[in-house]
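For the numbers below, each heavy atom of this structure counts, side chains included, while hydrogens, waters and symmetry mates do not. Throughout, a chain's letter reflects where its sequence line sits, starting with A, and its residues are numbered from 1.
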Amino acid sequence: MLFHIFQKHIDKALDALVTAGDISADTDRSNVTLEPPRDPAHGDLSTNAAMVLCKAAGMKPRNLAAKIVDQLTQIDDVASAEIAGPGFINLRVSETVLASELLEIDRLGPEYGRSDKGKGVTVNVEYVSANPTGPMHMGHCRGAVVGDALADLLEAIGHEVIREYYVNDAGSQVDTLARSAHLRYLEALGEDIGEIPEGLYPGDYLKPVGAALASEFGEDYRDGPESAWLLTFRKAAVAGMMDMIRSDLALLGIEHDVFSSEAELQAAGKPEAAEAILRSRDLVYDGVLEQPKGKVIEDWEPVKLPLFRSTQFGDDQDRPIKKSDGSWTYFGGDLAYHFQKASAADELIDIWGADHSGTVKRIKAAVAALTEGKTKFDVKLVQMVRLLRNGEPEKMSKRSGNFVTIADMVEEVGKDAVRFTMLTRKADAQMDFDFAKVTEASRDNPVFYVQYAHARIQSTLRKAADEGILPSDTHLDRLETEEFDLVKMMAQFPRIVESAAAAREPHRVAFYLNDLAAAFHGHYNLGNDRPDKRILMVNEVETTSARLFLVKNLGQTIRNGLALMGVEAVDSM
RNA sequence: GCGCCCGUAGCUCAGUCGGAUAGAGCAUCAGAUUCCUAAUCUGGGGGCCACAGGUUCGAUUCCUGUCGGGCGCACCA
């Protein structure tokens, strides 16, 4: 890749200065950067090498820069190297390199942008993990898309990725679910259940579960005590909910590799094992929590509980891993769960809703304690999405059973629009999702804008093919400056993928594609006033074939970017 | 009261482990349609990067404090 080639050139130039005795061999070069300058007028690439290394070299930045430039100008790929400002070195890339970059893109095709930087490192990404008490709704959507796109990104840079879903099937909310299902079971048996009582799940989605239970068990559990059926109904209801969730996720193109059950984890004694390890290191002790300050709790009473010393890791309070009735807290189970994940991966990433921000410290503390700091662990918080319809916020409330489901959204605007839109903001910023906007065919809808660029390219290729002209690399020397500018942008793609993966920020791909599409639309419109700038010139077969070769690969780059977001490119609109 | 996230153009947001004159879209104003998809494009105006200190050759970026907004704060997940 272009970028890596030039990184090597910089390295070579610095090596030469080492040989010349200007800088010492052990000088730290880790702060040396090579990046496209903000202002393209400054060149194609810019390095701060002279400014970063001048102290170690005992020279003024511009003097050191001059020596580096002397080395760089000897390299064929470097069209020019200039000192600017306080000591930047601005480079221009030769058109020969750009042409070979274009050939490289063509050779790699769908593989362009992928790398093996993360090879050998397994990353577990846990996302969605919605409670199995109902269908997927808006509140889950963004985390699902961000997690999935992040998993795609990590795979693109060569990581082995485990996509995981934690099923919270052990808490009291699944008892509530079982009771709600029992009511629907009675209903299926012909009883009049009336209004769903307060505290139970009212949604219709439990009706099929009740019906299935009725046909499986007949009247067996009609009159018996709750203890007779609770476990059976819990299992059946959770299974039903998970089937529903899986099919909702499939609508978004999301498929997890592993579903881990909290109940199974507990049955297998994992929390006990984790507790034993932590107790052996005096990181769990039996103690009493103080009443939190600034908040009045009426029925507060001191209780002795097994506490994890999360304060040793920066948390404000030690955290209980068991409740006073002896059952595990959510945290107690979660800590064991993360320990389990860590046994099969080198790095862990959790995608959480921002409403769980308060629990980040304790779980990070737990992972650090259990893996003795060996497992890298990141929690990515995803902010709320406000649903808008005609500019008016759309309310959703799970309690009333009245909420916008993912199935509704996908049906209304389509999978690709949902996914792309969810990636047009960085995850930790709040965002609005306006039903009208995401399907609008206009410049300010990036989904459309990027797709339109791709469709335009395909349309041009089709039209050219009708005229008997096909893309070809035999006359790339016919390409002009504006066209090489497009290649420069395309050449940034691998770097965007790398940095987006490293920063765990899939939205960067969306912004890049928007920029790339803008560059293409601009270039395309040059042909409006200047027929000689049109891609398709029927009487200029050689030039046209080269231009077609360029836009074909620009289309490929867009396609590859969209694929990283789980969005399919369209060939016509 | 405490913790986490955020504060960038009128609006919605980008801004690469600290870099050059802080960018884009919308809105606004002025233009391009006998032309490969004008569903698009070109240009103008618009900024105390919330505020005040600190670190640095250099701060929108890092640190501290203040103000403003969001989320969360016993055995609920």
Side-chain angles (χ1 to χ4, degrees), chain A residues 30-31 33 35-39 41-42 46 48 51 54-55 60-61 84-88 90 131 168 170-173 262 289-295 297 299-303 305-306 314-317 319-334 353-361 381 383-384 424-426 428-432 440-446 448-449 452-453 455-457 459-464 467 495-496 499-500 502-503 505 507-508 511 514-515 518 521-531 534-538 544 547 551 572-573:
Chain A
S30 59
N31 288 326
T33 59
E35 48 196 33
R38 274 186 195 161
D39 185 349
H42 289 138
S46 176
N48 63 356
M51 291 185 293
C54 62
K55 256 185 196 162
K60 287 189 175 164
F88 288 102
N90 292 333
N131 286 338
N168 298 133
S172 61
Q173 86 280 359
E262 184 183 10
L289 285 178
E290 281 177 32
Q291 181 160 197
K293 297 178 178 80
K295 193 184 180 185
I297 301 157
D299 56 348
W300 191 88
E301 50 187 59
V303 186
L305 293 169
D315 203 356
D316 347 301
Q317 202 177 38
R319 304 291 173 177
I321 60 170
K322 274 183 182 175
K323 305 178 203 168
S324 50
D325 67 0
S327 65
W328 296 98
T329 61
Y330 180 81
F331 175 59
D334 207 25
D355 52 342
H356 289 71
S357 63
T359 61
V360 171
K361 272 189 181 171
L381 294 177
Q383 279 286 351
M384 304 251 138
T424 53
R425 295 273 178 280
K426 65 180 167 207
D428 53 15
Q430 287 166 262
M431 82 175 219
D432 291 343
E440 191 178 282
S442 77
R443 173 71 178 94
D444 67 326
N445 177 8
F448 163 78
Y449 189 70
Y452 182 42
R456 249 184 173 174
I457 288 169
S459 152
T460 306
L461 289 168
R462 281 194 299 270
K463 196 137 189 170
E467 301 285 349
R495 216 174 86 80
I496 297 288
S499 67
E505 291 186 346
H507 76 277
R508 292 188 191 191
F511 278 91
N514 200 53
D515 290 347
H521 284 307
H523 182 259
Y524 183 93
N525 275 280
L526 282 179
N528 288 342
D529 297 329
R530 303 202 29 200
R534 289 193 200 147
I535 297 161
L536 178 54
M537 295 184 297
V538 185
T544 296
R547 291 182 178 177
V551 297
S572 64
M573 327 187 53

Response to the item:
Protein heavy-atom contacts under 4.0 Å, written 5' to 3' over nucleotides 16-26 of chain B as B (base), S (sugar-phosphate only) or - (none), form the string BB-BB----SS
Discussion item. Within the 4.0 Å limit for protein heavy atoms, which parts of nucleotides 4-10 of chain B are touched? Write it as a string from 5' to 3', B for base, S for sugar-phosphate only, - for none.
Written reply: SSS----
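B:rA59 and B:rA22: their C1' atoms are spaced 12 Å apart (whole Å). One P atom belongs to B:rU66, the other to B:rC2, and the distance between them is 9 Å to the nearest Å. Here the separation of B:rA20 from B:rU60, taken at their C1' atoms, is 15 Å to the nearest Å. Here, B:rU56 and B:rG47 have their C1' atoms 25 Å apart, quoted to the whole Å. B:rG7 sits 8 Å from B:rA14 when the P atoms are compared, rounded to a whole Å. To the nearest whole angstrom, the two C1' atoms, one in B:rG19 and one in B:rG15, are 13 Å apart. B:rC41 and B:rG25 are spaced 8 Å apart, taking the P atom of each and rounding to whole Å. The gap from the P atom of B:rG1 to that of B:rC62 amounts to 26 Å, rounded to the nearest Å.
Nearest nucleotide to the A:L289 side chain, out of B:rA14, B:rA74, B:rA77: B:rA74. Minimum atom distance to the side chain of A:D316 is reached by B:rC2, of the listed B:rC2, B:rU12, B:rC71. Of the candidate nucleotides B:rA39, B:rG15, B:rC75, B:rA39 has the atom nearest to the side chain of A:A441. Relative to the side chain of A:F448, the nucleotides B:rU40, B:rC75, B:rA38 differ in distance, and B:rU40 lies closest. Among the nucleotides B:rU37, B:rC13, B:rA77, the one closest to the side chain of A:F511 is B:rC13.
You'll find the side chain of A:K361 reaches within 4.5 Å of the side chain of A:D316, heavy atoms only.
The base of B:rC75 sits with one of its N or O atoms less than 3.5 Å from a complementary donor or acceptor on the side chain of A:S324.
Proximity of A:R456 to the phosphate of B:rA38: a side-chain N or O atom is located under 4.0 Å from OP1 or OP2.
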Discussion item. Wobble G-U and Watson-Crick pairs count when both distances are under 3.5 Å; given that, what is the 5' to 3' dot-bracket string of RNA chain B, with | for pairing to other strands?
Written reply: (((((((..((((.....[...)))).(((((.......))))).....(((((..]....))))))))))))....
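For the atom pair CG (A:N514) and NE2 (A:H507), the distance works out to 12.5 Å, reported to the nearest 0.5 Å.
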